[in-house]
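What you see below is based on every heavy atom in this structure, not just the backbone, and it leaves out hydrogens, waters and symmetry mates. Note that ligands are numbered from 1 as they come in the structure, with each ligand's atoms numbered from 1 the same way.
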Amino acid sequence: MTVRLRFVRTTERLHRQDPYLLEFEAAVVARRQHDGRPALILDRTAFYAESGGQPWDTGALGEARVLAVIEAGADVLHVLDREVAAERVHGRVDPYRRRDHMQQHHGQHLLSKAFVDVAQATTVAFHLGGEDTTVDLDRLVGEEQARSAERLANDVVWQARPVRVSSLTAAQARAAGFDPPEGVVADIRIVEAEGFDRQPCGGTHPRTTAEVGVVVITALERYKGGSRVHFVCGGRALAAFARRQQVLDQLVSTLSAPLDELAATAGKLKEDLAASERRAKALLERALEGDARRLLADAQGPGPAPTVSSPAVVVARFDGWPAEELRLLATQLVALAPAVALLGSRSDKAHLVFAQSEGLPNDVPALLKAAVEHLGGRGGGRGNLAQGGGDRVERLDEALARARASLAAR
Ligand SMILES: [Zn+2]
């Protein structure tokens with residue numbers, strides 16, 4: 001008898017009859033290892049194993065934590081954090097996680113049916129994650145259709161319709177319009193929200209639709225030619241509302257604007273910022289042009305104005321200038337008069353920008369390459385403008401002096 005049982009045993013899934021059963025006694029049938037952890041097979045279990053888009057339950061078997069519950073053929077594998085020596089165990093399913101999964105999963109049934117009714121959109125995938133829950137629809141739905149489906153699903157929730165579980169043979173299931181996979185001979189479990197939705201499912205579902213609480217769509221995106229709908233139900237909806245409320249409260253306080261005016265205030269701030277940035281850029285260009293004229297005058301001294309055959313050479317080193325501003329200054333310099341600009345700045349690293357006016361004979365990229373190599377860095381450019389930098393900040397003056405010494409003879 002014992003031997004025969006060993007071959008025909010199947011773990012009895014208590015949650016299929018009663019999803020509210022959270023404590024149970026069971027006998028240990030086999031001990032296994034799973035990814036280096038001990039795992040038990042029991043004669044009966046109230047733990048739901050991951051399947052059909054619904055994650056596994058967690059909880060405890062005796063003193064051991066149940067880390068994962070996995071379908072293993074006819075059996076259910078309970079993966080534990082420690083060995084259990086006893087032959088009989090007391091099981092406790094985590095009630096919060098179970099209720100959360102029931103709310104999300106049943107909410108999904110209702111929302112999926114609502115999308116069929118509202119937009120003839122069929123659910124092709126369901127994912128119940130730790131935070132995010134999604135259904136993928138076979139066709140693109142719009143914002144308004146999504147809101148209609150959401151309203152319909154919530155109507156059904158608030159009507160507190162009874163939820164029933166029944167079982168059909170594969171033939172009965174086909175006759176009833178379901179499409180069990182080829183080769184399925186076992187009974188098909190049907191979950192029905194009275195008068196609204198009926199579908200094959202092995203998941204844990206509540207007694208009435210009311211337990212879903214509320215269904216809230218949080219995002220809608222295009223996905224594989226259809227739509228992906230993100231949603232939260234029940235307790236997750238409450239948590240999502242609290243998170244959003246916290247963010248809004250912070251924004252109301254930071255922007256000193258009431259909730260209803262937040263969007264307009266943020267929009268205005270963004271416009272103001274863009275205008276300030278444009279003004280700052282114009283001022284910077286004016287300031288740099290002044291710097292460029294002063295540097296040229298210093299380089300020229302009392303002598304004649306620079307020409308293409310006798311250009312001004314400006315060598316200057318700044319502290320803390322970003323490379324972008326060095327480049328703007330160099331561009332201004334070589335545009336104002338025939339000139340070579342060898343500019344450097346030191347901050348966390350050393351920056352170099354070299355430039356020359358149109359028609360001058362230096363190989364600017366080669367000059368820059370030699371200089372940045374001296375700084376232990378890299379850089380490049382084309383034609384009359386090149387820039388780069390290196391970490392050896394203490395060599396910056398030397399790099400500039402060397403570049404100046406290698407300029408083409410006038
Ligand atoms: Zn289901």
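- Here H106 does not reach the Zn ion (ligand 1): none of its N/O/S atoms is less than 2.8 Å from the metal.
- For the residue pair D100 and Q104, a side-chain donor N or O sits within less than 3.5 Å of a side-chain acceptor on the partner.
- Residue contacts to the Zn ion (ligand 1): H205 brings no N, O or S atom closer than 2.8 Å.
- Heavy atoms of other residues, nucleotides or ligands lying less than 6.0 angstrom from CZ of R294 number more than 12.
- Remark: F24 CZ to R92 CZ distance equals 10.5 Å, nearest 0.5 Å.
- Rounding to 10 degrees gives 100° for the angle at the Zn ion (ligand 1) between SG of C201 and NE2 of H105.
- In this model, a donor atom of one side chain and an acceptor atom of the other lie less than 3.5 Å apart for T204 and Q54.
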